[in-house]
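Here is the structure we will look at, set down as structure tokens.
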Amino acid sequence: MTSPWQVVKEDLEATVEFTEQVWLAAAQLLETSKAAATTFERVAPHVSSNPAFQHAAEEIKTLVSLAEQAYATAPTCYHAADDANRSFT
């Protein structure tokens with residue numbers, strides 16, 4: 001039978017793994033969203049007066065901003081989970 005403490009330890013280890021994956025995903029999201037913004041900006045001179053373009057441009061800016069926040073926060077989450085895991089042993 002697994003002890004409650006063993007379950008806690010396993011969950012902490014899983015949390016560390018999940019936060020590491022989130023960190024990697026945040027890096028990929030940031031890179032990809034910046035690429036989307038860059039490619040979208042290339043069409044700006046041709047369609048900037050179109051309301052749909054203006055809306056899409058704002059949404060892409062929001063996406064990049066959220067990706068930057070995720071990328072800035074992810075390492076802190078990972079290290080906090082790792083520290084919690086290490087302190088438990």
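Hydrogens, waters and symmetry mates are skipped; everything else that's a heavy atom, side chains included, is used. The model shown is predicted, which means the values in this text are computed figures rather than measured ones.
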Any side-chain heavy-atom pair of Asn85 and Lys9 under 4.5 Å: yes
Please give me the minimum heavy-atom distance between Ala81 and Thr15, naming the atom from each residue. CB-CG2, 3.9 Å
Distance from Leu12 atom CG to Asp82 atom CG, nearest 0.5 Å? 10.0 Å
Taking side chain as C-beta onward, heavy atoms only, is Arg42 less than 4.5 Å from Thr39? yes
Heavy atoms only: give me the nearest Ala37-Val64 pair and the separation to one decimal. CB-CG2, 4.0 Å
Look at the side chain of Thr73 and the backbone N and O of Ala70, then say whether any donor-acceptor pair between them is shorter than 3.5 Å. no
Answer with yes or no whether the hydrophobic clustering places Val7 together with Phe88; edges join I, L, V, M, F, W, Y residues whose side-chain heavy atoms lie under 4.5 Å apart. no
In terms of the angle between their ring planes, are Phe40 and Phe53 parallel, tilted or perpendicular, with boundaries placed at 30° and 60°? parallel
Could you tell me whether the side chain of Ser33 and the main chain of Leu30 form a donor-acceptor pair under 3.5 Å? yes
If two hydrophobic side chains count as joined below 4.5 Å and joins carry through other members, does Val16 share a cluster with Val8? no
Checking Gln21 against Glu17: is there a side-chain donor and acceptor pair closer than 3.5 Å? no
Interatomic distance, CZ@Phe18 vs CD@Glu13, rounded to 0.5 Å, equals 12.0 Å
Could you walk me through whether Trp23 and His79 satisfy the side-chain contact (heavy atoms from CB on, under 4.5 Å) test, starting with their C-alpha distance in whole Å, then the side-chain angles of each, then the deciding distance to 0.1 Å, before giving a yes or no? CA-CA 10 Å; Trp23 189 356; His79 290 298; 3.9 Å; yes
Linked, directly or transitively: Leu24 and Leu29 (ILVMFWY side chains, under 4.5 Å): no
How long is the straight-line distance from CD of Glu59 back to CG of Leu63, given to the nearest 0.5 Å? 9.0 Å
Could you go through the side chain to side chain donor-acceptor pair (under 3.5 Å) check for Glu58 and Thr62 one step at a time? CA-CA 6 Å; Glu58 289 302 314; Thr62 299; 5.7 Å; no
